[in-house]
Structures are given as C-alpha cells and as structure tokens.
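For clarity, every value in this text was computed on a predicted model and none was experimentally measured. Both ligands and their constituent atoms are indexed starting at 1 by order of listing.
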Amino acid sequence: MRASGFSRMAFEGRPIVGICNSWSEVVNCNMHFRGLADSVRRGVLAAGGFPLEFPTMSLGEQLMKPTTMLFRNLMAMDVEESIRAYPFDAVVLLGGCDKTVPAQLMGAASADVPAIALTGGPAAPAIFDGKQLGVGTDLWQYIDDVRAGRMSMADYERLEAAAGPSRGHCPEMGTASTMATLVEGLGMTLPGTAAIPAMDSRRLQVAEECGARAVGLAVERLRPSQVMTAEAFDNAITLMLAVGGSTNAIVHLLAIAGRVGVPLSLDRFHELSERTPLVVNVRPAGEHLVEQVFHAGGIPAVMKSVEPLLHTDAATVTGKTVADNLAAVAATDATVIAPLAAPFQPPGGLAVVRGNLAPDGAVVKCSAASPELLVHRGPAVVFENMRDLMRRFDDPDLEVTADSVLILRSAGPRGAPGMPEWGQLPIPSKLLRQGVTDMVRISDARMSGTAYGTCVLHVSPESAVGGPLALVRDGDIIALDAPARRLDMLVSEDELSSRRAELAPAPARHTRGYAALYTERVLQADRGCDFDFLVGRSRTPEDEPEAIFEGWIGGW
Ligand code: FES
C-alpha cells in the first residue's frame, strides 16, 4: 500500500472498499464508468472508508463475438477471485451491459463479501425522423423493413448513426434494463437506482451514496448470501414479470441463485407468472422507454404497485426491509406504471412449456408474442445450425408458409457454443413480402431482451447433447400450447426411438482453452448455464474462521 503512494493515514483502521469496475473502451454502454467510479470513491471517503478501484473483464454486446454469454462465467470467475483474493471489506459492483451485471452478481455471491451494485443507467432515447427509438426493439423492425424493400440502405445508415446518442445501456426494457431492475428487486442496490438515466447527474449522486453505503455494509458484515435469499429471488422474478423483462434474466437468475444455494427452478417462474400482471408500459411489451419509467417513479413505484405480491420482509443492502424501503413511495403516472388492479396485461406474460420436444423446459415470452400463435400446430422447417439458417432462409425455393414452425438447433450452451441470441429467427423474405410479421420459432438459443415474436426459447436439453430438438425433421407437426404449458412434436415414440438410435454423437469442436472448458462444464439453460463446478454456496471466513490464516478461503 505504501508503494502505491498511500500513507497509513489513508487506509489504517478504515474499511477497504473495492470498486469493481467493468469500464472498457470496447463496451460502449460502460464508457461513463470512470466518472461513476470517481463518485463512488467520494462517497466511500466521505463515509470514512478507503476506496480501491480494480478492473475486471468487460462484456460488450455490440462487439464481442461469438456472444457475450460465452464469457459471462469467465467474467464471474474474474470478479469472484478478485474480490476474494484482495483484502476488501466490501465491494461496489459497477456494471451496465447485458452480461456484466449478472456476472458481477454471480461473482460477488460466490465471494460473499459485502457488496452493493450500481448499474450504469439507460442511455438517452434516440430520435430518428421525429420518432423516439428503442435501440434494439426498433432495430429489429427496421432490419425487416430493409429486407422487405420498405427501407433503403441510405436511410438505414442514417438510422445507425442516430441509434446510440449517449452513454448508457439500451434504453428499453431489454436485458440490461431488466437486470438493473432485478438488482433492485433482489435488494442489492439502493432503491430507485436502476432507472436513473445514465447521463442524469442524479446517477452520480446515487453513486456517492452507494460508496457511502458500502462502508456501512463493511461494518455490518451484511453479505450477498444474506440479501439474495429465496424470497429475494421471488421478488426479482415478480418484478421481471411486472415490467415485461427479458427472458435472458431467467438464465441469469437461475445461475445467481445457484451461487447462493437457493433452489430455484424454471417452474417457479411459471408459478409467479400466473399471478403477476404487466404493470409497466415500457418497450418491448409497451410503448415507453425506461427514462419515462424513471420519471413515473422508477422501480420503487413499480414495486409499490406489485407490493402485495412481494415478500416485503426481505432484507436489502439498505439494512432495511423491502417494506421499509417502500413505505414512503407513492404511485405517480398510471399511464406508465399502472396499479395492480388495472394492469396493462393480465398475468401469464411468461410461460414455461414442456413436452416431448423440451422435457426439461423451454420458455415463451407471451407478452411479446402474437396471441393467436400461442396455440398453434404447423409443419417443421428445420435448420441444422446458424450457418444453415443464413444460407437457406431467404431461398425462394424454401418450402415454408406462414403456418410453418421454424426450428433452429445447435444454438444452445454447448452447441453454438454460448447460447447466442439467435432465437428470434428471421422470417423468410418471401413471407415478409406477403405481410407475414410473426411465426412460431423454436430453438435452444436465447433471444435479445429487446426482441419480440412468438419464439420458444431455451429448449432443454439442447440438441447438441442429444435433446429431442435433434430428432425433429422437416414436415413433422409441431404443437405449441403455451396456456397448457405444452410443446410437442406429433411423432410416435417408436419413430423417435429409431431416430435417436441413428443420431451420431457430435464430435468435440473445441479441444483447447476457455472454449474447451466451457463446452465441457457448462450446464443446460434450465440450470442457468453456469459451470457445474461453480454451483453451490461458498464457505466464508465466518464458516471457517481459522481458514482465514491459511491463505485460501471461500469456495476452494
Ligand atoms: Fe449494452 Fe444493450 S448493448 S446494454
């Protein structure tokens, strides 16, 4: 410490607060994090702590290939081991793109050192030709317009230039905004933090408050495992459903729960969906952006609306319960955040389906699907993998109609690998030109939180490990019945057995490095795609006080 230029006065006797910063120049959403970290630092110092900022891996949706999801677990390991290895008494987690927030929560949960999260906030809304855009949600529509010949490439270039007008994460309720919302639902940040716009000076102010609160957490020794309880996960899931959040959050919540030993299954999402309506009018399920949600009271106002559905005695990093935090919150603009009694959509916005096509489950975001397609039968059009899809989906000779069910395999955790956001399969151009805007699409992939359509996602087990998705053939009749929670292929068990016998085991595509580790040890989507060896609650110094002197403590 002295070699770094710190006198004893600076740190002796003070809680040491790590500022875990995912700032990176290759992650546009996190470009403002240096300023945010400075504000956190001021808060730590003001509260009598000693701040030390440290970098970790950062995961940017826009540039990273093949998919950031492939590296979420790697970043989580980086965060976990950095927190554990350095002498931090508490940590502030600065994250703000789709995977950085779950990776930080997973790592902090496993290290189980007192932690508070601070997300980066939504970017300013983009305006294009007088229309306010949701970056992803509108982009998908405009891409279809280009393919259908309704938009020129010159106009698309203008759109591209206008789409990201400020720092911050995607401004609709995509995965980043959903994860920020869930951080609040889990009780892991200060109330009201998630929706503050990235460029609003109130975000810098709350960053100071997070820094100061981290000092309090260090003194109180309030650990993530004491905050992220089964009740907290119920609250987070309820909030996810109330805002029409990203299906990606399902995978992340399952993984985070696994890290703190909370038994969470896909079925719990369905159970809570059956009682939780959509109360927030925000894209992609509604019309506004997160900035409007902030001005309507932010996530505390959403939680107030669904308070009867929450475990209000759950602990939070404020040191108070959810009920305490919500005591003074009042409802505001009902056109953005509706009361529970008059929601924008009824319960059932998410369905977990099972059947002979998805024995371990798959998910459908009903709130972003076409209602008339949620019960549908049609012949399968099968694509072996993404390469096959890209080669053939626009082939004028492809035998496909609006009733067809598009199937993509080899897009799951091991097959792709990394379970990319390929689940919103493109609609063949010849159908687009006929005015078709949605079809039933099924895959073992994920879907962007900004996307929409009748997409059955996260099919488990995936095709690459021999899941039934590997057995489907062109023309098989696929039956989706989301209200009845069913997803089946209407093929006899005898026929499926003979197809199964013909399946050749997939050769290992990755034999070295991280990709080899990933494909060997990643769990399926219904278990959160964590590594099998990272699941389970860590041991802490409190569990084994003597271990602190042995150098290695925690989950080793
Ligand atoms: Fe980073 Fe959307 S690309 S939040």
- prompt: With Lys65, which residues qualify under side-chain contact (heavy atoms from CB on, under 4.5 Å), at least two apart?
  reply: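 Counting only residues at least two positions away or on another chain, Lys65 forms no side-chain contact (heavy atoms from CB on, under 4.5 Å).
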message: Between Asp112 and Arg259 (salt bridge meaning N to carboxylate O under 4.0 Å), is one present in this structure?
response: no
- prompt: Do Arg202 and Asp200 meet the salt-bridge criterion of a basic N to acidic O distance under 4.0 Å?
  reply: yes
task: Using the side-chain contact (heavy atoms from CB on, under 4.5 Å) rule, take Phe71 and Lys99 through it: C-alpha gap first, then chi angles, then the decisive distance, then the call.
output: CA-CA 8 Å; Phe71 304 106; Lys99 309 303 180 303; over 6 Å; no
- line: What lies under 2.8 Å from atom 2 (Fe) of ligand 1, restricted to protein N/O/S atoms, is Cys170 SG
query: Of all residues at least two apart in sequence or in a different chain, which pass the side-chain hydrogen bond (donor to acceptor under 3.5 Å, both in side chains) check with Ser82?
result: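 Counting only residues at least two positions away or on another chain, Ser82 forms a side-chain hydrogen bond (donor to acceptor under 3.5 Å, both in side chains) with Asp78.
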query: Can you name the salt bridge (Lys or Arg N to Asp or Glu O under 4.0 Å) partners of Glu53, sequence neighbours left out?
result: Arg41
